[in-house]
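All residue numbers refer to positions in the sequence shown, counting from 1.
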Amino acid sequence: IRENITLNKEFEYKYWLLKSIKYGTLETYNQSLLTFQWLWNLLRKIFNPETKQERTEALEQVSGPIWLVWFIANSITAWFVFILIIWAVISINLWVFNLLPIPALDGWRFIFITINGLMQKLFWKKIITQKLESLIHVWFFLLLIALSFIIAYNDVSKIINN
């Protein structure tokens, strides 16, 4: 996705406080939308690809912390602003992914609390017990750890192949 890469001819190096807050908020919003769009496209290409090549290319796009550290280490000679932008994009991506409704992440916890709160108000009984919630969290945590190992393997193979 390259929609947000345009040449800004009216770029200013310094903004006043209010303008900085305005543009920072807009950029955070835009980066969050881009992250959601990228994630949706990635999942669509992995689980419903039009061709086998599309699935392979989608899996090659996924990178984790190992590749990210390698990328930053090789870009360390870049300006401080570049490193700051990478830091901001990583923070926004972590925020977006943490809000996903996946057990073992905060998005699931929010949904769990909402569902149990509504059921307790309506029927005076929790629908998901503490034991069931713990079991769900453990299984999805193990799934996330397995996914982390797959991504780490993918990162290392990308670094070795470069």
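Closest of all the heavy-atom pairs between R55 and I46 is NE-O, 2.7 Å. Considering all non-hydrogen atoms of both residues, S32 and I92 come closest at OG-CG2, 3.5 Å.
The shortest side-chain heavy-atom distance between I151 and L147 falls under the 4.5 Å cut-off. Residues F97 and L39 have side chains in contact (heavy-atom distance under 4.5 Å, counting atoms from C-beta outward). Side-chain contact between D106 and W95: absent, with no pair of heavy atoms (C-beta onward) separated by less than 4.5 Å. Side-chain contact between I136 and F112 is absent, with no heavy atoms from C-beta onward closer than 4.5 Å.
Taking hydrophobic clusters as Ile, Leu, Val, Met, Phe, Trp and Tyr residues chained together by side-chain heavy-atom distances below 4.5 Å, Y29 does not share a cluster with L94. Hydrophobic clustering, with ILVMFWY side chains joined whenever heavy atoms are under 4.5 angstrom apart, keeps I115 apart from W124. Hydrophobic cluster membership is shared by L99 and I111, with clusters built from Ile, Leu, Val, Met, Phe, Trp and Tyr side chains linked at under 4.5 angstrom. Using a 4.5 Å cut-off between side-chain heavy atoms of Ile, Leu, Val, Met, Phe, Trp and Tyr, with links allowed through other members, L100 and L143 fall into the same hydrophobic cluster. Residues W38 and L33 do not share a hydrophobic cluster, clusters being chains of Ile/Leu/Val/Met/Phe/Trp/Tyr side chains in contact below 4.5 Å.
Note: T35 OG1 to N30 CG = 10.5 Å, rounded to the nearest 0.5 Å. The CD1 atom of I159 sits 10.0 Å away from the CG atom of N154 when rounded to the nearest 0.5 Å. Separation of atoms NE2 (H137) and CZ (F140) is listed at 10.5 Å; rounding is to 0.5 Å.
For T114, the side chain to side chain contact (heavy atoms under 4.5 Å, CB included) partners are F110, L118, not counting sequence neighbours.
Within the structure, the side chain to side chain donor-acceptor pair (under 3.5 Å) test picks out the following pairs touching residues 45-54 (sequence neighbours left out): Q53-E57.
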